[in-house]
Amino acid sequence: MIKAQVRAKVDQCFALGVERGLWGDAAAGSYAVEEPKRAGQGDFATNLAMVVAGREKRNPREIAAALVELLTDAAGGDSLFAKVEVAGPGFVNCFLKPQVWQAVIPEIKRLGAGFGRGTCGRGRKVLVEFVSANPTGPLSVGHGRQAVLGDAIARLLEATGYAVTREYYYNDAGRQMRVLGESTRARYLELLGLPFTFPEDGYQGEYIREIARALIEERGDSLKDESDTAPFTKKAEEVIFADINNTLARLGIRFDSYYNEHSLYENGLVDDVVASLREKGLVYEQEGAVWFKTTDLGLEQDRVIIKSTGEPTYRLPDIAYHREKFRRGFDWMVNVFGSDHIATVPDVLAGVRALGYDEGKVTPVIHQFVTLMRDGQQVKMSTRKANFVTVEELLDEVGPDVTRFFFLMRKADSQLEFDLDLATKQSQENPVYYVQYAHARLCSIARQAAEKGVVAGDGAPDFSLLIEEEEMALLQAMAGLPSLLENAALALEPHRIVFYLQDLAAKFHGYYNRHRIVGDDPALSRARLALADALRQVLASSLVLIGVGAPESM
RNA sequence: GCCCUCGUAGCUCAGGGGAUAGAGCACAGGAUUCCUAAUCCUGGAGUCGCAGGUUCGAUUCCUGCCGGGGGCACCA
């Protein structure tokens with residue numbers, strides 16, 4: 001990694017300065033090496049001198065000058081640097097020799113799809129829990145965002161050396177499912193022309209009717225006198241789960257495990273949590289309910305964990321579930337969910353802490369809502385009335401690539417406005433096609449070159465011919481993938497990949513329009529072709545990270 | 001009332017203790033005898049919500065206020 005090399009050089013010179021008494025070591029670790037935003041400010045810059053000056057009340061530019069001397073001296077003949085200079089209030093700007101950047105091409109060629117991937121996860125086990133929608137209806141666009149976000153986070157972690165498990169947690173018992181069964185029975189009776197009562201808070205979607213219809217086809221009216229809702233619930237769950245999984249499959253999402261809340265009860269793990277908490281004096285009874293004394297754990301109010309009806313609230317199995325995650329040996333647990341569930345976090349973490357586990361290993365990723373825009377108007381959605389837009393419909397309309405890309409265009413914290421007008425555009429300003437087109441264009445160039453008998457691999461391309469401004473910019477952008485990927489993974493922020501792709505595609509399209517890749521000069525053509533091939537690889541690898549296709553032609 | 005989150009260009013959003021704050025869309029004009037014009041180039045636009053504080057330096061960190069969203073159930 002080039003940045004790491006520069007960083008190492010700067011660290012080395014900082015230490016050398018300490019050794020020689022040029023400055024103290026108080027600034028160790030608190031200065032930065034970064035890419036300046038502006039052209040002319042070098043490939044990398046460090047604020048070391050300003051940090052030192054701040055601590056020692058000295059003139060930053062003087063310290064910067066001393067640092068420049070060290071960097072140029074210590075560097076010696078085979079230095080990374082072409083030029084190092086003091087700039088602005090005391091920045092030290094480093095200009096790298098072109099060959100340092102040019103060397104990224106053979107590096108990419110050598111590593112192929114592995115370029116950019118890292119090992120900072122060191123094989124640690126991480127559990128990414130997402131979607132976790134109960135099987136009561138089709139996935140809504142909110143679930144869609146979460147599904148895509150969770151999967152992309154999982155991909156980032158895999159690409160940085162973590163052993164990832166994707167898990168879907170669900171509950172197929174309880175009130176919601178009962179209501180689902182009752183709703184299905186009501187539709188069943190309705191379709192048979194029999195008297196029925198639809199539950200007040202029932203599920204009104206058309207999909208319930210379809211399930212009832214399927215039930216009639218299978219079993220006729222044999223269930224008309226059934227007082228138990230179980231057969232209805234069972235059928236509904238079956239159909240809905242199949243539907244959800246089908247939608248997820250269309251998005252390219254596969255789970256490694258489905259964790260059923262019910263199993264926690266069957267194995268006595270829920271009771272066990274209550275017993276453990278009770279032992280620690282964190283549980284008490286009041287008004288027929290069982291309370292968790294979260295105020296003892298620094299929270300504002302105590303919470304009911306078992307209702308007076310004897311049914312646990314969602315908190316209790318959630319705590320038990322999280323304890324199981326720890327027991328299953330995960331080093332890190334990432335929970336992705338919508339901001340409407342934000343309130344559950346502190347209670348569950350308090351439970352985890354109370355049971356003696358390190359809550360620091362649990363990282364919640366909370367995403368804000370999605371609003372759909374069509375014709376400049378917000379599409380009104382209401383789950384209860386079932387006039388919401390499903391992921392399925394979205395996929396029918398714009399396809400999986402656009403769906404995934406758009407859901408990842410914003411950081412999780414931001415509300416996401418999904419512009420259907422833009423998303424359905426088959427051309428021009430649709431950012432998905434913009435990026436994919438760059439990839440397709442590169443493939444096309446390679447095809448054309450092959451026809452003409454020019455191949456990047458012919459002989460050893462002379463990369464020193466790649467000295468155009470646009471070429472340097474592309475090389476630098478490509479070289480930045482490893483650190484970008486690592487940072488995005490650690491921050492659990494896949495949107496950074498989307499911005500990276502758009503930037504890379506823009507740089508390429510600009511380059512393409514200005515310079516001919518396969519031209520009259522064979523040596524230059526080979527070098528540029530090698531650059532194009534590396535770029536194609538980087539685009540493809542980055543697209544894989546967000547689960548979007550890399551078409552070879554469009 | 002309390003908690004979380006967001007507030008950056010006309011719109012949608014990146015960025016982030018430092019050097020002239022970015023992109024896309026929208027708008028206006030221009031580019032193709034040549035590797036895909038699903039492309040490129042040029043143009044304008046912002047007191048980075050407001051007010052204090054910390055700092056050599058704040059749009060970035062802290063506090064308060066204002067505004068949008070979400071939450072504060074014996075729903076999940």
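Numbered from 1 within each chain, the chains take letters A, B, ... in sequence-line order. What you see is a predicted model, and the numbers here were worked out from it, not measured in a lab.
- One C1' atom belongs to G44(B), the other to U5(B), and the distance between them is 34 Å to the nearest Å.
- Lacking a ring centre under 5.5 Å from that of the base six-membered ring together with a plane angle below 30°, Phe91(A) does not count as stacked on G18(B).
- For Tyr31(A), no side-chain nitrogen or oxygen approaches OP1 or OP2 of G18(B) to under 4.0 Å.
- G57(B) and G43(B) are spaced 34 Å apart, taking the C1' atom of each and rounding to whole Å.
- Both Tyr512(A) and His495(A) lie close to RNA chain B; mapped to their nearest nucleotides by heavy-atom distance, the more 5′-ward contact belongs to His495(A).
- If you take atom C1' in A19(B) and the same atom in A28(B), they sit 33 Å apart, rounded to whole Å.
- Applying the 4.0 Å criterion to OP1 and OP2 of C13(B), one finds that Lys411(A) has every side-chain N and O outside that range.
- Glu167(A) and Tyr258(A) share no donor-acceptor pair across their side chains, judged by distance under 3.5 Å alone.
- When each of Val498(A), Leu545(A), Thr403(A) is tested with Leu408(A) by the rule side chain to side chain contact (heavy atoms under 4.5 Å, CB included), just one qualifies, namely Val498(A).
- Remark: A51(B) base-pairs with U63(B). Criterion, Watson-Crick or G-U wobble with two distances under 3.5 Å.
- Proximity of His515(A) to the phosphate of C35(B): no side-chain N or O atom is located under 4.0 Å from OP1 or OP2.
- A donor-acceptor contact under 3.5 Å is not formed by the side chain of Thr309(A) with the base of C74(B).
- Between C56(B) and G1(B), the two C1' atoms lie 42 Å apart (nearest whole Å).
- G7(B) and C13(B) have their C1' atoms separated by 12 Å, with the value rounded to a whole Å.
- Taking 4.0 angstrom as the limit, Arg55(A) places none of its side-chain polar atoms (N or O) nearer than this to OP1 or OP2 of C56(B).
- Each of Ser414(A) and Glu287(A) was matched to the nucleotide of RNA chain B holding its nearest heavy atom; the match closer to the 5' end belongs to Ser414(A).
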Between N or O atoms, less than 3.5 Å apart, protein on one side and nucleotides 1-4 of chain B on the other: list the pairs.
residue: C2(B); atom: O2'; partner: Glu300(A); partner atom: OE2; Å: 3.2

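- Close to A73(B), at under 4.0 Å from its OP1 or OP2, lies no side-chain N or O of Thr313(A).
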